[in-house]
Student: 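The structure's right below; bear with me while I get my questions together.
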There are 2 protein chains.
Amino acid sequence: MTDTSTSPRRASRPPRAPRRDAAENRVAILDAAISELNHDPDASLETIASAAGLSRRSIYGHFSTRDELVAELNDRGIARVTAALAPIRHSDARIALALVGARLWSEVEDVRVTAQLAIRGPRREIVGKGLEPVRRGVLDLVRQGVEAGQLRTDIEPGTLARLIEGAALSVLDEAVRADISRDEGHRLVMLVALSTAGLSWREAAELIDASPELAPDAQPHASHHAGDTE
Amino acid sequence: MTDTSTSPRRASRPPRAPRRDAAENRVAILDAAISELNHDPDASLETIASAAGLSRRSIYGHFSTRDELVAELNDRGIARVTAALAPIRHSDARIALALVGARLWSEVEDVRVTAQLAIRGPRREIVGKGLEPVRRGVLDLVRQGVEAGQLRTDIEPGTLARLIEGAALSVLDEAVRADISRDEGHRLVMLVALSTAGLSWREAAELIDASPELAPDAQPHASHHAGDTE
DNA sequence: AATAACTTGCACATCAATGTGCAAGTTATT
DNA sequence: AATAACTTGCACATTGATGTGCAAGTTATT
């Protein structure tokens, strides 16, 4: 049990670093949870635990309640999405929008769980709050694009932003259903985002092919900070 | 399921017709269930019952188990969707596709619950089977459109069909989030379906405005009269 | 090797939801 | 008014999941 109580019984006890295997197990739990919740948003701790190769009891050594585990997953998801989308800035809103799709694609699993949580469950309000900045970002892109005459004007920006988001999620769903390859999904999510944004399919393809920053390998991967000596 | 047939069977039980209020209550339960499950896919019978203005206990007078209630909802949903989409036939696949969106829109609530059930829960396989014909129909339309050079060819028909379905559902979600008016939703779902199918937003709008059968008041039953208005 | 950290299995308490039985009320229908 | 249909409240059994306490085992770390 991770003692969170701040009762300074004696001199401050130095919180030691967790054991290596324990740290690994913690990650294993998180990963298993993501994976299992992708299949069934109501997966039990039992299920998650055994998927992580641990006993249910052990989970409580890392997370004091189920909610805490989910919350952590959630924070992680939001953090990843935010990190992935934050640096996107481009003079062409269409490209930026495609980039949003592409970045989401590179985080499929986390994104899906987070998105599910944002829709269902009692936490949906809170999760929604966390995603607020991301949504604002997309909305700003849409506005920028409309302003520049690059995107459709027949749908209100706010609505359009949410629809693009929804369209992208559809691709992620489809990706889980049918096993879609990395590059295929990469292109697909961009195509769909652009289509929803108002481009014809030929325009979308043209734009993607003409923009080197949208190539499947132009993805600046999330920071593996610290070059580990190998 | 519900045997209303007056089979001349004098075994031991003459099956009488249900009392009028009972029949009404049954419908009330179904309606309440739809509504509540739209808010929370895991709504309890307690919640549903009180939303229907009844006690939880009374539900068991109409449905012997929760599953049976859900199954009935499901059948009803599939029936409605099927009925709404079955008569759609048109030489122009784009119009037909828009029509699919429009018809789904007219059944929003039922469609959403059914769609949810098709994704979550242990019944998803069964529900999916029920929707099979509908999906085949959409797929056929997509193929027809591709054949005729009216729809995009950069996405595999099977995938495209599912993406269109997903896009339409996004609109339905959006409709629940923000209160969208009947006509607004009607147009929106068509626009999004066509956009996903590959049209630019201007093409989509043009097509919709030029097709009287896509007008918000074009009624569900009278199938189609030869399109001559151009 | 010694220690503390971690895992595990079991027993147990709790909780929310489902489904039943039954007796007492209401209400539609004849 | 008489009857059967229906609703309701309460008690109760059941089930699945969560969360705890504890003792006994394992394993990383020193």
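Keep in mind that what you see is a predicted model, and the values were worked out from it rather than measured. In the text below, chain A, chain B and the rest are named by the order of the sequence lines, each starting its count at 1.
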Student: For Ile164(A) and Ala197(A), which heavy atoms make the closest approach, and how far apart are they?
Tutor: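 So the minimum-distance heavy-atom pair works out to CD1-CB, 4.0 Å.
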
Student: From CG of Leu69(A) over to C1' of dT18(D), roughly how many Å is that when rounded to an integer?
Tutor: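 Distance check: Leu69(A) CG to dT18(D) C1' gives 13 Å.
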
Student: Would you kindly give the OH-to-P distance between Tyr60(B) and dG19(C), to the nearest whole Å?
Tutor: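 It is 4 Å, rounded to the nearest whole Å.
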
Student: Starting from C1' on dT18(D), measure out to CD1 on Ile48(A) and report it in whole angstrom.
Tutor: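 Value for this atom pair: 12 Å.
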
Student: When the distance from CG of Leu54(B) to C1' of dT27(C) is rounded to whole Å, what number comes out?
Tutor: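 The distance from CG of Leu54(B) to C1' of dT27(C) comes to 14 Å, rounded to the nearest Å.
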
Student: Given atom CG of Asp67(B) and atom C1' of dT15(D), what is their separation to the nearest angstrom?
Tutor: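 Distance, rounded to whole Å: 14 Å.
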
Student: Once each nucleotide of nucleotides 1-6 of chain C is scored for protein heavy atoms under 4.0 Å, what B/S/- sequence comes out, 5' to 3'?
Tutor: ---BBS

Student: Look at the side chain of Thr159(A) and the backbone N and O of Ile155(A), then say whether any donor-acceptor pair between them is shorter than 3.5 Å.
Tutor: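 No; judged by distance alone, with no hydrogens or angles, the pair does not exist.
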
Student: Working to the nearest 0.5 angstrom, can you tell me the gap between Leu169(B) CG and Gln116(B) CD?
Tutor: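 Answer rounded to 0.5 Å: 8.0 Å.
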
Student: Return the value, rounded to whole Å, for the distance between atom CD of Glu46(A) and atom P of dG9(C).
Tutor: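 Whole-Å distance recorded here is 10 Å.
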
Student: Examine the side chains of Arg152(B) and Ser195(A) and answer whether a donor and an acceptor come within less than 3.5 Å of each other.
Tutor: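 The criterion, which ignores hydrogens and geometry beyond distance, is satisfied for Ser195(A) and Arg152(B).
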
Student: How many Å lie between CG on Leu45(B) and P on dT8(D), as a whole number?
Tutor: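 After rounding, the gap between these two atoms is 14 Å.
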
Student: In whole angstroms, how far is the C1' atom of dT29(C) from the CD atom of Glu24(B)?
Tutor: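 From Glu24(B) CD to dT29(C) C1': 14 Å.
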
Student: Passes salt bridge (Lys or Arg N to Asp or Glu O under 4.0 Å), Glu132(A) versus Arg135(A)? Steps please.
Tutor: CA-CA 5 Å; Glu132(A) 195 53 42; Arg135(A) 291 186 158 140; 5.4 Å; no

Student: How does DNA chain D read in dot-bracket, base by base from 5' to 3', with Watson-Crick or G-U pairs under 3.5 Å and | used when the partner is on another strand?
Tutor: ||||||||||||||||||||||||||||||

Student: Below 4.0 angstrom from OP1 or OP2 of dT7(C), is there any side-chain N or O of Ser58(A)?
Tutor: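 Indeed not, no polar side-chain atom of Ser58(A) lies that close.
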
Student: Would you say that more than 12 heavy atoms from the other residues, nucleotides or ligands in this model lie under 6.0 Å from the CZ of Arg136(A), or not?
Tutor: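 Not more than 12 within 6.0 Å, no.
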
Student: Please check the phosphate of dG19(D) (OP1 and OP2 only) for any side-chain N or O of Thr65(A) closer than 4.0 Å.
Tutor: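 Yes.
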
Student: Are Arg26(B) and Glu72(B) within salt-bridge range, i.e. N to O under 4.0 Å?
Tutor: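 Salt bridge present between Arg26(B) and Glu72(B).
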
Student: Could you tell me whether the side chain of Thr82(A) and the main chain of Ile78(A) form a donor-acceptor pair under 3.5 Å?
Tutor: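 Here the side-chain-to-backbone pair exists.
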
Student: Side-chain donor or acceptor of Arg56(B) under 3.5 Å from a matching atom on the base of dG19(C)?
Tutor: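 Present.
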
Student: Give a yes or no on whether the backbone of Pro216(A) and the side-chain of Arg182(A) come within a donor-acceptor separation of less than 3.5 Å.
Tutor: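 Yes.
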
Student: What about Arg57(B), does its side chain sit under 3.5 Å from the base of dG19(C) through a donor-acceptor pair?
Tutor: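 No pair found.
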
